[in-house]
Each structure stands twice: as structure tokens, then as C-alpha cells.
Amino acid sequence: MLELLVQQGEMYGLQLVSSSRRRLKRGTVYVTLGRMEEKGYIRSRLEAPPAKIGGLPRRLYEATALGRRVLSAWTRVARELLPEFAR
């Protein structure tokens, strides 16, 4: 999930689900996003609903500098410990 946010920038929760090719599930994505935000890996903001259509505001998520560093460190360690992961 963090990798998708780093690669693609700001995204909605359901965009993350569809971009993950359904590896992420709708029922758990928001819990995970909340936990990642508490740890400082991501931040979110509410986007106002479209003026003409109305509806509820939607929350956009993006990786923080800390999140980018954590992902980079994790990727580096994973490549060293699991060479087949680097393929």
C-alpha cells in the first residue's frame, strides 16, 4: 500500500484497492491506512465533494517523507535477505 502511494501519489482508499489488483481488500484498507497514518508513514486530507453533484467528502492519502524512507529501508533489507524478492 505504501509502495502504491509512493509510486502514484495521492489516492483514495478505493483507488488503492483497484490499483493493487484486488490484493488489498475494501474491508481492511481503511484500518491499515489509519494505522499507517498514526505511525506517520502517510497523511490524509478531506477533499470537498463536487459542488454540482454533492455527496460526502472523500479522503485522499499520500506518503510522507518518513513513509518513503521506511519503504526504501524495507526494500533494501528485503533484497539483501531475500535475493529472489529483488527479481
Side-chain angles (χ1 to χ4, degrees):
M1 189 173 330
L2 188 54
E3 185 175 15
L4 286 171
L5 289 172
V6 167
Q7 291 173 350
Q8 297 184 22
E10 266 189 337
M11 298 177 80
Y12 302 108
L14 292 179
Q15 283 179 306
L16 286 163
V17 172
S18 63
S19 293
S20 74
R21 290 182 237 127
R22 303 286 182 208
R23 286 180 293 183
L24 298 172
K25 305 296 180 205
R26 287 180 73 167
T28 59
V29 72
Y30 292 103
V31 172
T32 305
L33 287 167
R35 290 178 181 162
M36 290 172 64
E37 191 166 17
E38 286 173 6
K39 292 179 180 181
Y41 301 160
I42 64 170
R43 71 176 143 254
S44 68
R45 67 178 178 87
L46 283 178
E47 180 181 72
K52 294 183 180 184
I53 299 172
L56 297 172
R58 297 192 297 178
R59 188 166 294 277
L60 283 160
Y61 299 90
E62 69 176 330
T64 63
L66 173 62
R68 292 175 191 279
R69 288 192 308 271
V70 166
L71 178 64
S72 177
W74 166 251
T75 303
R76 206 170 31 254
V77 168
R79 285 187 181 141
E80 289 176 18
L81 295 177
L82 304 166
E84 64 274 5
F85 179 76
R87 293 182 200 160

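On a predicted model such as this, the values are computed, not experimentally measured, just so you know.
Separation of atoms OG (Ser19) and CD (Gln7) is listed at 10.0 Å; rounding is to 0.5 Å.
For the pair Ser72 (side chain) and Arg68 (backbone), a donor-acceptor distance under 3.5 Å is absent. The backbone N or O of Arg76 lies less than 3.5 Å from no partner atom in the side chain of Arg79, so there is not a single donor-acceptor pair.
Linking Ile, Leu, Val, Met, Phe, Trp and Tyr residues whenever their side-chain heavy atoms come within less than 4.5 Å leaves Trp74 and Leu2 in two separate clusters.
At least one side-chain heavy atom of Leu16 sits less than 4.5 Å from a side-chain heavy atom of Leu5. With a 4.5 Å cut-off on side-chain heavy atoms, Val29 and Leu33 count as touching.
Scanning both residues, Leu14 and Arg26, for their nearest heavy atoms gives CD2-NE, 3.5 Å. The two residues Ser18 and Gln15 come nearest to each other via the heavy atoms OG-O, 3.1 Å.
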Please list every donor-acceptor pair under 3.5 Å in which a side-chain atom of residues 55-67 meets a protein atom from a residue at least two apart or in another chain.
residue : atom : partner : partner atom : Å
Arg58   : NH2  : Tyr12   : OH           : 2.9
Arg59   : NH1  : Ser44   : OG           : 2.9
Glu62   : OE2  : Arg43   : NE           : 3.0
Thr64   : OG1  : Gly40   : O            : 2.6
Thr64   : OG1  : Tyr41   : O            : 3.0
Thr64   : OG1  : Leu66   : N            : 3.4
Thr64   : OG1  : Gly67   : N            : 3.1

- prompt: Passes side-chain contact (heavy atoms from CB on, under 4.5 Å), Leu24 versus Thr28? Steps please.
  reply: CA-CA 7 Å; Leu24 298 172; Thr28 59; 5.9 Å; no
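Surrounding CD of Glu3 are at most 12 heavy atoms belonging to other residues, nucleotides or ligands under 6.0 Å away.
Residue Ile42 forms a side-chain contact (heavy atoms from CB on, under 4.5 Å) with just one option from Arg35, Met36, Met1, and that option is Met36.
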